[in-house]
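What follows is a single structure, and I will ask about it in a moment.
Read the numbers this way: they start at 1 and go in the same order the structure lists the ligands and their atoms. Please read all numbers here as calculations on a predicted model, not as lab measurements.
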Amino acid sequence: MSTPVKKVPIHLQSAQNRLLIKHGKVVNEDEITEDDIYIEDGVIKQLGRNLIIPGGTRVIDARGKYVLPGGIDPHTHFEFEFMGAKSVDDFYQGTKAAVAGGTTMIIDFVMPKKGESLIDAFYEWRQKGDDKVCCDYALHVGLTHWNEQVKKEMEALCKEHGVNSFKVFMAYNFMLNDAELYSAFDTCQKLGAIAQVHAENGSIIAKNVEKLLAKGVTGPEGHELSRPEEVEAEAVNRACIIAKQVDCPLYIVHVMSKSAGLALKQACERGTRVYGETLVAALATDGSHYKHECFHHSAGHVLSPPLRPDPTTPQFLMNLLAQDALQVTGSDNCTFNKAQKELGKEDFSKIPNGVNGVEDRMSVIWEKGVQTGIIDPCRFVAITSSNAAKIFNIFPQKGCIAVGSDADIVIWDPSRTRTISAATHHQAVDFNIFEGMECHGVPEYVIVNGRVCVDEGQLRAVEGHGRYVDTPVFAPYVYDPERVADLKPVKNGTHDDSLPEHFQNKVQIEEKVCPTPTLPDSAVSTPSCRGARPEGQRNIQDSTFSISEDLDVERKSCIRVRNPPGGKSSGFW
Ligand SMILES: NC(=O)NCCC(=O)O
Ligand SMILES: [Zn+2]
């Protein structure tokens with residue numbers, strides 16, 4: 001376990017804002033190149049061979065290693081009050097663990113209580129996250145009820161708070177009915193947002209739970225029995241049909257079963273704009289654990305939708321990822337300790353739902369996907385970072401190794417192995433669903449916004465080092481895929497203080513909101529005004545020399561960017 005590192009005042013930070021990564025194999029979603037990477041002030045400034053760089057730059061030798069974009073985990077629940085308990089990984093512990101495993105950005109879910117203002121809940125989440133995050137983060141917002149006020153607040157969240165995704169639930173006691181789903185999707189479409197869906201038929205589940213408990217089935221095995229896979233598949237299908245009526249792009253979170261994956265694939269073939277996320281849990285474990293004699297073991301695996309009893313499910317889902325029938329992997333990290341899981345000791349329906357995964361996602365997916373030969377390293381990058389960055393409209397700032405992109409980078413040693421255990425992981429939770437799994441692929445260095453946060457395997461995460469990142473509406477990869485061919489990131493060359501071409505192509509620039517934007521329009525990147533950030537905190541190290549001094553990240557943040565609405569299409573990869 002590492003010791004937590006507290007925020008270091010700017011004047012005491014040591015000089016290490018310049019890094020050169022040499023001799024590695026640079027993996028992007030579309031190609032592998034043998035380039036060196038020069039990083040300064042948190043941004044990739046040069047990519048290529050024989051780079052001319054300033055003296056005093058730290059050099060990391062990545063010979064024999066892959067150099068990957070840092071992972072983006074688009075599905076976490078840190079410090080989340082749910083089913084009578086609060087998840088034990090907070091934004092510090094959770095993002096620290098993320099970084100330890102090679103993830104450099106997470107997207108968490110703001111979850112308003114039923115009837116609560118969405119904006120109030122958003123601020124509550126910012127308060128929980130801003131000072132604690134060890135890596136960048138963004139927020140989706142849950143719609144736990146539906147009315148005109150919600151609609152208004154969705155608009156404000158999109159226009160003023162950098163939110164472009166809203167999650168609706170078809171299960172739990174805050175689920176929406178079909179008419180409400182229709183209105184929520186319609187609103188998302190008009191705003192240029194993405195609708196996310198927890199797809200399970202909540203009414204069927206409630207009846208099944210009643211029946212099972214009446215029959216005396218009270219243990220964790222009842223969890224999967226009450227939510228069989230057709231109950232998931234039916235909801236996926238229904239959500240797709242509803243979304244298609246209003247032409248709303250849809251993102252199905254945590255696809256956990258073969259039937260649900262196939263329902264999604266078929267909807268896509270029928271012309272629905274739908275993207276699918278599966279979980280690392282679903283790719284590496286299965287429902288056999290619900291039959292384990294130890295309550296803590298079986299309850300430790302309870303999440304919704306459940307792991308499936310069919311042991312061929314994990315490989316089936318990996319194949320769907322390989323075929324691009326699914327596009328994204330998340331963790332749905334929502335961790336409850338053994339004592340909290342005991343809330344459901346007498347009744348499986350009261351076991352707080354959720355498992356770990358934010359730390360182990362990268363290694364486990366490498367093991368089950370690349371090591372087995374089902375996917376190659378490029379596809380690994382696509383499903384662990386680039387596709388999420390595209391869907392949530394932060395590509396190529398994130399999810400990409402290109403000139404002008406954030407220096408969120410993992411140097412990955414495919415020849416080393418590690419064995420996962422709750423005894424050695426960095427998460428707060430006292431259980432690990434991947435206990436004992438040996439994984440090839442270890443992050444030897446993890447660079448977060450230009451700072452080396454895992455250094456030769458040693459975790460040096462910094463509380464508060466991350467920023468809130470806006471996710472602008474009308475993601476071209478979702479709303480305007482025909483234009484995507486023009487949005488190629490710059491894969492070599494030097495940052496010359498002007499906006500990299502790929503950013504120019506991508507965005508319409510709109511100066512507003514912040515009082516003193518002094519940066520020229522040409523030097524704009526995607527993140528926009530973020531609140532509650534002390535002046536200077538983003539500058540991670542002292543610097544007396546810069547080859548591109550004009551690109552001041554703090555000032556850069558004061559210009560908003562917005563993507564224009566575009567045409568429609570049924571798919572983009
Ligand atoms: N998935 C789960 O079981 N817990 C987290 C909440 C949710 O995503 O449904
Ligand atoms: Zn979730």
Side-chain angles (χ1 to χ4, degrees), residues 72-91 94 98 106-114 121 125 137-144 165-176 194-202 205-206 209 220 222-224 226-227 229 231-232 235-236 239 251-257 260 276-283 285 287 289-290 298-308 328-337 340-341 343-344 348-358 361 388 392 427 429 431 433:
I72 299 173
D73 187 339
H75 194 150
T76 66
H77 300 276
F78 295 143
E79 216 180 318
F80 173 36
E81 283 176 50
F82 184 49
M83 298 183 73
K86 189 196 274 188
S87 61
V88 291
D89 282 304
D90 66 4
F91 279 86
I106 61 101
I107 315 185
D108 204 82
F109 287 86
V110 173
M111 286 294 293
K113 301 212 165 45
K114 210 169 166 171
W125 252 257
Y137 81 114
L139 292 168
H140 314 289
V141 175
L143 304 179
T144 50
S165 46
F166 296 94
K167 181 178 177 187
V168 295
F169 296 82
M170 300 170 82
Y172 298 133
N173 56 10
F174 41 84
M175 69 191 202
L176 303 188
I194 297 133
Q196 299 182 286
V197 185
H198 176 127
E200 285 187 295
N201 185 319
I205 293 165
V209 168
H223 181 63
E224 206 281 334
S226 67
R227 325 169 85 105
E229 64 177 80
V231 168
E232 184 190 358
V236 169
Y251 177 102
I252 310 285
V253 296
H254 46 45
V255 172
M256 298 296 282
S257 64
E277 165 203 278
T278 189
L279 303 184
V280 59
L283 293 166
T285 59
H289 293 282
Y290 298 133
S298 45
H301 287 79
V302 165
L303 81 160
S304 292
L307 299 165
R308 299 304 174 185
V328 179
T329 58
S331 67
D332 197 3
N333 195 93
C334 185
T335 43
F336 298 103
N337 275 337
Q340 295 172 303
K341 291 271 183 180
L343 283 167
F348 66 84
S349 71
K350 295 195 165 54
I351 299 170
N353 286 195
V355 297
N356 65 289
V358 75
R361 183 180 68 113
F392 299 110
Q427 300 199 220
V429 67
F431 186 78
I433 55 167

*Please write down residue, atom name and distance for the protein heavy atom closest to atom 8 (O) of ligand 1.*
His77 NE2, 3.2 Å
*Between His75 and His254: side-chain donor-acceptor atoms closer than 3.5 Å*: no
*Going by the side-chain contact (heavy atoms from CB on, under 4.5 Å) test, name the single residue among Arg227, Met256, Met170 that passes it with Glu200.*
Arg227
*Considering only protein heavy atoms, which is closest to atom 9 (O) of ligand 1, and at what distance to one decimal place?*
Tyr172 OH, 2.8 Å
*asked:* Suppose we measure from atom 4 (N) of ligand 1 to each protein heavy atom; which comes out shortest, and what is that distance?
replied: Asn353 O, 3.1 Å
*For Ser331 and Asp73, does a side-chain donor sit closer than 3.5 Å to a side-chain acceptor?*
yes
*Which residue owns the protein heavy atom closest to atom 3 (O) of ligand 1, what's the atom, and how far is it?*
Ser304 N, 2.7 Å
*Looking at the Zn ion (ligand 2), is one of the N, O or S atoms of His75 less than 2.8 Å from it?*
yes
*For the pair Leu343 and Met83, evaluate side-chain contact (heavy atoms from CB on, under 4.5 Å) and give the outcome as yes or no after the intermediate values.*
CA-CA 9 Å; Leu343 283 167; Met83 298 183 73; over 6 Å; no
*Check each atom of ligand 1 against the heavy atoms of His75 and keep those under 4.0 Å away; list them by number with element.*
8 (O)
*Region of Phe109 that comes within reach of ligand 1 [heavy atoms, distance under 4.0 Å]*: neither
*Walk me through it: do Thr76 and Asp108 pass the test side chain to side chain donor-acceptor pair (under 3.5 Å)?*
CA-CA 5 Å; Thr76 66; Asp108 204 82; 2.6 Å; yes
*Looking at Asp332, which of its N, O or S atoms is the nearest one to the Zn ion (ligand 2)?*
OD1
_Has Arg361 got a side-chain atom pairing as donor or acceptor with Ile72's backbone, closer than 3.5 angstrom?_
yes
*Number the atoms of ligand 1 from 1 as they appear, then name those within less than 4.0 Å of a heavy atom of His198, with their elements.*
9 (O)
*Between Lys167 and ligand 1, which part of the residue brings a heavy atom under 4.0 Å of the ligand: side chain, backbone, both or neither?*
side chain
*What is the closest protein heavy atom to atom 1 (N) of ligand 1, and at what distance does it sit?*
Asp332 OD2, 2.6 Å
_Using a 4.0 Å cut-off to any heavy atom of Gly354, which atoms of ligand 1 qualify?_
3 (O), 4 (N)
*For Asn356 and Thr335, indicate whether the former's side chain and the latter's backbone hold a donor-acceptor pair under 3.5 Å.*
no
_the Zn ion (ligand 2) contact by His77, N, O or S atom under 2.8 Å_ = yes
*Name of the residue among Tyr172, Phe109, Tyr251, Phe174 meeting ring-ring contact (aromatic ring centres under 6.0 Å, His included) with His198*: Tyr172
_Can you name the atoms of ligand 1, numbered from 1 with element, that are less than 4.0 Å from a heavy atom of Leu303?_
3 (O)
*asked:* Can you tell whether the side chains of Arg308 and Glu224 come within less than 4.0 Å, N to carboxylate O?
replied: yes
